[in-house]
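Atoms within a ligand are numbered from 1 in the order they appear, just like the ligands themselves. Only heavy atoms go into these numbers, but all of them, side chains included; no hydrogens, no water, no symmetry mates. Quick caveat: nothing in here was measured; it's all calculated off a predicted structure.
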Amino acid sequence: MAEIRDLPTHVGIIMDGNGRWAQKRGLPRKMGHRAGASAFKDIARYANKIGLKYLTAYVFSTENWKRPQDEIDSIIKLLRSYLDEMDGYSKENIRVRFIGDRTVFDEDIQAKMRKAEEKSKNATGLTLILAINYGGRAEIAHAASLLAADVKAGKVEPEKVDEALFAHYLYTDGIPDVDLLIRPSGEYRLSNFLIWQCAYAEYVFMSGVLWPDFKPETLEEALAEYQKRSRRFGGLA
Ligand code: IPE
Ligand code: IPE
Ligand code: MG
């Protein structure tokens, strides 16, 4: 492995292309999700190994409820069994966090999420963030609602609301903005993923790869592309 310098602090990945991967093989879409889950586990471990600090993966969007019920059921089934495996992450020094509205899920799923977060909370390696029933607009509306309640309760003065204060009300409170956003599969859009946090991200769209085929080498390619970019944040280079 070549030495990786100038590693982004926070990488976001839109894990797209599972369905097409399955279709290409004449398999049901759920087999694509299964292969995608396996690719994800490898990437999470690899990210931790190379010293990445934050990795957020888009697992299920607020819009994905539009899918056929049997596909949704198969994704939730995969989620359940993956949540059980997550117990092992604390041993690997990986910290787990979930973002999105989890209240819609069965209590056992919510309990597994809490357990994974609680058990790994002191890990100091990679923070692995799973976006589940997540939507960027829903997150901002939710933040606005929490903030409005604090204003009503007299805890916050409206004049004091600025970007930094508002960001505390987002699911990603305490997590730095996204530096590098990766999307495989050939779609060139955010699909409502981390729209606040990607304001100044570098985007790497990898049209030649579907998520289940995404390998540690593919991540390396994206990191190499990131290292070529000149980030100015509105200033001068
Ligand atoms: C991403 O793969 C997984 C989820 C959205 C849950 P897709 O299922 O969107 O795969 P394509 O885009 O149909 O190939
Ligand atoms: C985004 O992919 C959501 C996830 C990868 C979880 P989609 O496949 O749902 O996005 P669109 O529909 O192509 O925008
Ligand atoms: Mg898709």
Checking R231 side chain against Y200 main chain: does a donor-acceptor pair fall under 3.5 Å?
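Yes, because the side chain of R231 sits within donor-acceptor range (under 3.5 Å) of the backbone of Y200.
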
Could you tell me whether a side-chain N or O of K53 sits under 3.5 Å from a main-chain N or O of T124, the two making a donor and an acceptor?
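Indeed, once roles are kept as given, a pair shorter than 3.5 Å links the two residues.
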
Give a yes or no on whether a salt bridge exists between R229 and E225, defined as a side-chain N under 4.0 angstrom from a carboxylate O.
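Judged by the 4.0 Å cut-off on N to carboxylate O distance, R229 and E225 do form a salt bridge.
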
Does the separation of the ring centres of Y171 and H142 fall below 6.0 angstrom?
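When the ring centroids of Y171 and H142 are compared, they turn out to be within the sub-6.0 Å range.
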
Using the side-chain contact (heavy atoms from CB on, under 4.5 Å) definition, which of the options L170, D179, I175 pairs with Q197?
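Of the listed residues L170, D179, I175, the side-chain contact (heavy atoms from CB on, under 4.5 Å) partner of Q197 is L170.
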
Kindly assign one of parallel, tilted or perpendicular to the pair F193 and Y58, based on the angle between their ring planes and the thresholds 30° and 60°.
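Ring orientation, 0 to 90° scale: parallel.
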
Please give the atom name: the N, O or S atom of D16 nearest to the Mg ion (ligand 3).
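The D16 atom nearest to the Mg ion (ligand 3), restricting to N, O or S, is OD1.
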
Report every pair formed by an N or O atom of ligand 2 and a protein N or O atom separated by less than 3.5 Å, giving atom names and the distance to 0.1 Å.
{"unit_1": "ligand 2", "atom_1": "8 (O)", "unit_2": "D16", "atom_2": "OD1", "d": "3.2"}
{"unit_1": "ligand 2", "atom_1": "8 (O)", "unit_2": "R67", "atom_2": "NH2", "d": "3.3"}
{"unit_1": "ligand 2", "atom_1": "9 (O)", "unit_2": "N64", "atom_2": "ND2", "d": "2.9"}
{"unit_1": "ligand 2", "atom_1": "9 (O)", "unit_2": "R67", "atom_2": "NH2", "d": "3.3"}
{"unit_1": "ligand 2", "atom_1": "10 (O)", "unit_2": "R183", "atom_2": "NH2", "d": "3.4"}
{"unit_1": "ligand 2", "atom_1": "10 (O)", "unit_2": "S191", "atom_2": "OG", "d": "3.4"}
{"unit_1": "ligand 2", "atom_1": "13 (O)", "unit_2": "R189", "atom_2": "NH2", "d": "2.8"}
{"unit_1": "ligand 2", "atom_1": "14 (O)", "unit_2": "R189", "atom_2": "NE", "d": "2.8"}
{"unit_1": "ligand 2", "atom_1": "14 (O)", "unit_2": "S191", "atom_2": "OG", "d": "2.6"}

